[in-house]
Structure formats: structure tokens, C-alpha cells
Chemist: 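Got a structure for you, questions after.
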Amino acid sequence: MAYQPRASHFVDGQYCEDSTGAAIEVVYPATGETIAQVHSATTAIVEQAIVAAEAAQKMWAKLSGTERGRVLTRAAQILRERNRELSEIETHDTGKPLSETLVADAASGADALEYFGGLAGTLTGEHIPVAGGDFVYTRREALGVCVGIGAWNYPIQIACWKAAPALACGNAMIFKPSEVTPLSALKLAEILIEAGAPAGLFNVVQGYGDVGAALVADPRIAKVSLTGSVPTGQKVYASAASGLKHATMELGGKSPLIIFDDANLDNAVSAAINGNFYSTGQICSNSTRVFVHESIKDVFLARLSKRMELAIIGDPMDEATTIGPMVSERQRAITLGYIDKGLEEGATLVAGGKAIDGAGYYIEPTVFADVTDEMTIAREEIFGPVMSVLSFRDEQEVVDRANATAFGLAAGVFTSDLTRAHRVVERFEAGTCYINTFNLTPVEAPFGGVKMSGVGRENSKAAIEHYSQLKSVYVCLGDTEAPF
Ligand code: NAD
């Protein structure tokens with residue numbers, strides 16, 4: 001099999017196998033062919049990973065930040081040098097077109113490694129003068145062994161977004177990729193070793209949810225960072241809480257994009273396309289509820305429909321393709337179920353709406369108009385290429401409706417009125433907001449959700465707070481007094 005890794009797991013600096021673990025088939029979504037098989041980690045593999053990570057972490061935390069940063073920066077460089085190979089793996093694992101994976105996956109992972117590699121040497125504590133000439137200083141210390149658990153939509157990006165800040169702060173990591181996309185994290189593990197990371201610093205164990213749950217519950221784990229759905233987040237957060245562990249939860253969304261009548265319409269259409277159809281709609285922060293001012297609704301839909309005709313659905317390995325298959329038969333079936341619900345509940349189908357016959361898990365990118373707030377497609381995360389267009393009359397009303405969801409990952413506004421843009425953003429209940437664009441996630445900016453969309457932030461200096469802790473040291477320069 002073309003994409004068969006040397007073994008299922010990467011622990012203590014090398015590939016390892018325990019074929020008694022449940023088999024996980026890796027399927028190329030464009031054809032349905034099995035391209036690799038790995039095994040879920042057994043208790044023995046999980047144990048080896050924790051022991052190796054604990055040992056490596058102790059050595060790693062003793063290095064200077066600059067030394068740690070050098071390894072991460074080298075890894076970033078190797079990722080970029082191997083971008084094509086890594087992108088081809090990612091395309092086979094996820095079905096996302098090469099036109100995307102070449103620019104958005106390993107490349108974004110490399111950005112994270114480079115950014116946190118640069119920050120590593122700058123991480124310091126503070127000097128705090130207190131009464132009587134005494135002082136307190138703080139040490140920014142690592143947490144210990146961190147667990148990263150990934151979703152299947154951005155496998156190597158998610159692995160890097162978690163590993164880079166964790167390692168920069170002096171932690172070790174055990175990463176469990178999604179069982180749907182197990183391949184590229186193994187390459188990251190190889191690359192980190194090549195870049196000079198000690199064996200055991202970054203380990204990859206494969207498995208279903210039970211392997212993730214076992215890792216999170218282990219008392220030797222200090223922190224868990226999950227990217228996944230809300231139901232999984234609730235379980236993982238509860239388990240982390242019972243051990244009083246640090247937790248970052250990057251979960252689902254149902255994000256609004258509000259388009260006012262003074263917006264640049266072509267840009268707004270582009271944002272709605274990017275926010276619904278990039279990665280065949282399988283992005284957590286997608287703007288799946290597009291609120292368009294009623295006075296421009298018809299012209300918006302007309303321009304959108306024209307642009308939809310330009311989508312190139314096809315072989316993801318052809319760089320001209322802009323829409324690949326969905327990741328799995330299951331995810332396509334879920335999406336088709338929501339499309340049926342949209343039709344049943346009275347939304348107007350403007351584009352798409354059907355599975356595409358033949359091999360692979362292809363589906364037409366779909367647009368519904370006349371969607372109302374109470375329809376299922378406007379309330380639940382679909383995680384597929386389905387855009388809901390709703391209309392609105394005034395600002396107050398639309399912001400209330402945009403916020404009327406349990407999710408709070410992202411939100412966007414298109415308008416030429418700067419005052420209104422900032423006023424709306426101030427009222428958005430979302431962790432990541434956009435004015436006149438959507439879904440850009442540069443590593444320099446914090447990314448994450450509020451409400452049910454998550455806790456904590458990835459990327460930026462904010463991530464450092466989530467992978468380190470402060471120790472306060474009181475230094476007394478005088479005598480120590482006591483009451484007796
Ligand atoms: P999922 O919740 O089914 O699985 C996510 C990961 O959690 C997988 O690795 C899975 O094996 C693991 N898992 C499942 N049960 C577990 C348990 N009890 N304990 C520990 N680990 C467990 O999600 P998915 O289908 O892989 O991904 C899609 C979801 O992820 C969507 O809801 C999407 O919005 C969300 N997502 C969020 C972000 C973000 O940054 N906010 C990014 C990408 C995807």
C-alpha cells in the first residue's frame with residue numbers, strides 16, 4: 001500500500017508496533033481505496049509513550065529556550081522542504097485538494113513551529129519588588145507531559161499547533177491523531193527527531209476515542225489539548241477536570257457572517273465561499289449562517305450562484321481542483337441527512353444538494369436560501385459544504401440572531417461603515433472575529449472559541465499561557481519575624 005507507514009506508532013524516537021491493537025483502515029476519500037492500515041494503541045504502547053515522554057521532558061526543560069527554539073525552527077525548515085511530499089500524504093489522508101494542502105497544511109504547521117521556536121528564548125518570569133526591599137520573582141515553568149488529540153480535517157496543522165507551543169515551553173507531548181487521518185503526525189515525529197529533538201519528546205500513538213480517554217485519565221499527564229466536536233470536548237474536559245489538569249478545547253461552531261447593504265459584494269461572496277466550501281466545508285470556524293441584508297439578498301444570491309459554477313470538483317491530486325471529496329462515507333451521509341432536513345423544513349435549494357455518483361465521497365457544494373433561525377440546518381453544526389443564507393432588516397436584530405446559538409467560535413461582518421463594523425464585533429459572542437474577510441488564522445493571532453466552542457487559545461503569545469505555569473519565589477533580604 002502506497003502510504004503504509006513503517007509502523008503504527010512513533011514512541012521514544014522510533015516507529016513501533018503492537019498488532020494486537022484494533023485495526024484502523026486508512027481510506028483515500030477520492031476513490032474509497034485502502035491506502036494503509038495501522039493499529040490502535042494497546043495499553044503497553046500507551047505506557048511506553050508516557051514513560052518515554054516523562055524522561056525526555058525532564059532533559060528538554062533543562063535546555064535554554066534558545067536551544068529548544070533552534071530545534072523547532074529546524075523542524076519548520078524541514079517541513080517546508082518536504083511540503084510537497086507532506087501535502088500529498090495529507091491529500092490522500094483527508095481528500096482535500098492538493099491546491100489547498102500545498103499552502104494550508106504543512107505550511108501552516110511550519111509557521112507554528114517557526115513562530116514558537118522564535119518565542120522559546122524570550123520566555124521569562126518577572127521581578128516584583130515588595131515591602132521592605134524584599135522581592136518576588138516568577139519562573140515560567142513547563143507543565144510536564146501534555147496530550148494532544150486531533151480532529152481529521154487539518155491533521156498535520158493540528159499536530160503542529162499543539163506541539164509547537166508545548167515544546168517551546170519545555171513540555172513533552174503525546175499526540176493521538178484522529179483515527180480517520182493517522183498518517184501525517186508520524187511524519188512530524190520523524191521530522192522533529194531529524195531536527196534534533198530528543199527521543200520521547202514528541203510521540204504519536206494511534207487509536208480511537210478510548211486511547212484518547214486513557215491518556216487524558218492518566219495521572220502522569222499534566223495537560224490535554226483537544227480539537228474535536230462538542231460532545232467529545234465535554235467528555236475530555238470532564239475527565240481533565242477530575243484530575244485538575246490544564247485543558248484547551250478547540251471545538252465546533254455554527255458561525256455567523258453578516259453582510260450589510262454597504263458591503264463590497266464581490267468580497268462578501270468570496271468570504272462566504274471560503275467560509276463554507278474550503279476543505280469541502282469541513283472547517284470548525286466556517287460561516288455556515290450567512291445573514292444578508294434583505295435589500296441585497298437577490299443580487300448576493302445571483303452573484304454567488306454564478307461563482308458556484310466555477311468550482312472545480314474532481315481529482316484532489318490535480319492542482320486545478322478546488323473541491324475534493326468529503327473525508328469519509330460517514331461524513332457525507334451526515335451532510336446529506338442535513339440537506340434532506342433543509343428541504344423538508346422548507347429552505348430553498350439554490351445550488352448543489354446531491355451526492356456525486358461514482359467512486360469517492362463527493363458531494364455537490366450546496367447553498368440554501370430562505371433559511372430561518374429555527375431550521376435544523378441553521379442550528380446544528382453540519383461539518384460539510386452546506387451554506388445557509390438568511391436575511392435580516394436591522395443591525396440590532398441580526399446581531400441578536402447571530403448570537404442566539406450555544407456555539408461561539410467565529411463571527412464576521414462585511415460593511416463599509418467602520419463604526420458599525422467595530423460596534424458589531426464588540427457585540428459578537430465569538431472568540432475569533434473578522435471584519436471584511438473570513439477564516440484567516442495567522443499564527444501570530446490567538447484562535448479559539450467562547451461558549452460551547454471551547455476554552456483556551458491556540459497560536460500567538462496567548463498559547464504560552466496554556467502550556468506553562470508560573471512559580472512565585474519570595475526572596476527575603478532581612479530578618480524573618482515571628483510572633484513568638
Ligand atoms: P471528534 O470529536 O469525533 O474526535 C476528535 C478526536 O477526539 C479524535 O481523535 C477522537 O478519536 C478523539 N476522541 C473521541 N472520543 C474521545 C474520548 N472520550 N476521549 C478522548 N478522545 C476522544 O471530532 P472529529 O469528527 O474528528 O472532528 C470534527 C469536529 O472537530 C467538528 O465538531 C469540528 O468543528 C471540530 N473541530 C474544531 C476545531 C477548532 O479548532 N475549534 C478545528 C477542527 C475541527
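Whatever order the structure lists ligands and atoms in, that order sets their numbers, starting from 1. Given the structure is predicted, the values throughout are model-derived calculations rather than measurements.
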Chemist: Report yes or no: do R140 and S468 form a side-chain donor-acceptor pair below 3.5 Å?
Modeler: yes
Chemist: Are any non-hydrogen side-chain atoms of I363 and P325 less than 4.5 angstrom apart?
Modeler: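 Counting from C-beta outward, I363 and P325 never come under 4.5 Å.
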Chemist: Among all protein heavy atoms in this structure, tell me which lies nearest to atom 36 (N) of ligand 1, with the distance rounded to 0.1 Å.
Modeler: C284 CB, 3.4 Å
Chemist: Taking only Lys NZ, Arg NE, NH1 and NH2, and the carboxylate oxygens of Asp or Glu, determine whether D218 and K245 approach each other closer than 4.0 Å.
Modeler: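 So D218 does not pair with K245 through a salt bridge.
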Chemist: Among protein heavy atoms, which sits nearest to atom 33 (C) of ligand 1, and what does the distance come to when rounded to 0.1 Å?
Modeler: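 Of every protein heavy atom, F383 CE1, 3.2 Å lies nearest to atom 33 (C) of ligand 1.
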Chemist: Considering only NZ, NE, NH1 and NH2 on the basic side and carboxylate oxygens on the acidic side, decide whether R84 and E319 come within less than 4.0 Å.
Modeler: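 Counted as a salt bridge, because a side-chain N and a carboxylate O are separated by less than 4.0 Å.
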Chemist: Using a 4.0 Å heavy-atom threshold (strictly under), name the region of Q282 that reaches ligand 1: side chain, backbone, both or neither.
Modeler: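 Neither part.
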Chemist: Quick check on contacts: which atoms of ligand 1 are under 4.0 angstrom from a heavy atom of N153?
Modeler: 43 (C), 44 (C)
Chemist: Applying a heavy-atom cut-off of 4.0 Å, say which part of E458 lies close to ligand 1: side chain, backbone, both or neither.
Modeler: neither
Chemist: Would the number of heavy atoms belonging to other residues, nucleotides or ligands and lying under 6.0 Å from CD of E426 be above 12?
Modeler: no
Chemist: Output yes when the distance from some N or O of ligand 1 to some N or O of K235 is under 3.5 Å, and no in every other case.
Modeler: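 In this structure, K235 places no N or O atom under 3.5 Å from an N or O of ligand 1.
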Chemist: With a 4.0 Å heavy-atom cut-off (strictly under), which part of V230 contacts ligand 1: side chain, backbone, both or neither?
Modeler: neither
Chemist: Considering both backbone and side-chain atoms of E381, is one of its nitrogen or oxygen atoms within less than 3.5 Å of a nitrogen or oxygen in ligand 1?
Modeler: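 Yes, at least one N or O pair falls under 3.5 Å.
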Chemist: Using a cut-off of 6.0 Å, state whether more than 12 heavy atoms not belonging to K451 lie near its atom NZ.
Modeler: yes
Chemist: Report the nearest protein non-hydrogen atom to atom 24 (P) of ligand 1: residue, atom name, distance rounded to 0.1 Å.
Modeler: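 The closest one turns out to be W152 NE1, 3.4 Å.
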Chemist: Taking only heavy atoms of G150, which atoms of ligand 1 are found under 4.0 Å from at least one of them?
Modeler: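 Per the distance check, 5 (C), 6 (C), 8 (C), 9 (O).
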Chemist: Does any N or O atom in Y208 lie less than 3.5 angstrom from one in ligand 1, N or O only?
Modeler: no
Chemist: Short list, please: which atoms of ligand 1 are under 4.0 Å from a heavy atom of G252?
Modeler: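 Counting from 1, the qualifying ligand atoms are 32 (O), 34 (O).
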Chemist: Kindly indicate whether a cation-pi arrangement holds for K176 with Y208, taking the cut-offs as under 6.0 Å to the six-membered ring centre and within 45° of the axis.
Modeler: no
Chemist: Is it the case that the side chains of E364 and T366 hold a donor-acceptor pair, with the cut-off being a distance below 3.5 Å and no angle test?
Modeler: no
Chemist: Walk me through it: do E90 and K187 pass the test salt bridge (charged side-chain N to carboxylate O under 4.0 Å, His left out)?
Modeler: CA-CA 11 Å; E90 209 69 324; K187 290 289 164 193; over 6 Å; no
Chemist: Looking at the rings of Y15 and F10, which for Trp means the six-membered one, are their centres under 6.0 Å apart?
Modeler: yes
Chemist: Tell me the protein heavy atom at minimum distance from atom 12 (C) of ligand 1, and give that distance in Å.
Modeler: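 Scanning the protein heavy atoms, the shortest distance from atom 12 (C) of ligand 1 goes to I149 CG2, 3.6 Å.
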Chemist: Between ligand 1 and L226, can you find any atom pair, the residue atom being a heavy atom, that is separated by under 4.0 Å?
Modeler: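 True for this residue.
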Chemist: So does Y278 have more than 12 non-hydrogen atoms from other groups sitting under 6.0 Å from OH?
Modeler: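 Atom OH in Y278 is packed in, count exceeds 12.
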Chemist: Using non-hydrogen atoms of the residue, decide whether S178 is closer than 4.0 angstrom to ligand 1.
Modeler: yes
Chemist: For ligand 1, which part of L409 has a heavy atom less than 4.0 Å away: the side chain, the backbone, both, or neither?
Modeler: side chain
Chemist: Quick check on contacts: which atoms of ligand 1 are under 4.0 angstrom from a heavy atom of F447?
Modeler: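 So the answer, numbered in order with elements, is 40 (O).
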Chemist: Atom 10 (C) of ligand 1: which protein heavy atom is closest, and how many Å away?
Modeler: E179 OE1, 3.6 Å
Chemist: If we check side chain to side chain contact (heavy atoms under 4.5 Å, CB included) with E458, which of these qualifies: P446, S225, P165?
Modeler: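 Filter result, single survivor: S225.
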Chemist: What is the nearest protein non-hydrogen atom to atom 35 (C) of ligand 1, stated with its residue, atom name and distance?
Modeler: G228 O, 3.1 Å
Chemist: At what distance is the nearest protein heavy atom to atom 41 (N) of ligand 1, and which residue and atom is it?
Modeler: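 Here the nearest protein heavy atom works out to L251 O, 2.8 Å.
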Chemist: Please state which part of V236 comes within less than 4.0 Å of ligand 1, counting heavy atoms only: side chain, backbone, both or neither.
Modeler: side chain
Chemist: Is the closest N or O pair between T232 and ligand 1 shorter than 3.5 Å?
Modeler: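 Yes; at least one N/O pair falls below 3.5 Å.
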Chemist: Looking at atom 17 (C) of ligand 1, what's its closest protein heavy atom, distance included?
Modeler: G209 O, 3.6 Å
Chemist: Crowded around M317 CE? As in, over 12 foreign heavy atoms under 6.0 Å?
Modeler: yes
Chemist: Taking only heavy atoms of A213, which atoms of ligand 1 are found under 4.0 Å from at least one of them?
Modeler: 19 (N), 20 (C)
Chemist: Run the ring-centre check on F383 versus W152 and record whether the distance is less than 6.0 Å.
Modeler: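 Yes, the ring centres sit under 6.0 Å apart.
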Chemist: Got an N/O contact under 3.5 Å between S229 and ligand 1?
Modeler: yes
Chemist: Measure the distances from the heavy atoms of Y154 to every atom of ligand 1 and state whether one is below 4.0 angstrom.
Modeler: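 Contact check Y154 vs ligand 1: negative.
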Chemist: More than 12 non-hydrogen atoms from neighbouring residues, nucleotides or ligands closer than 6.0 Å to CZ on R220, yes or no?
Modeler: yes
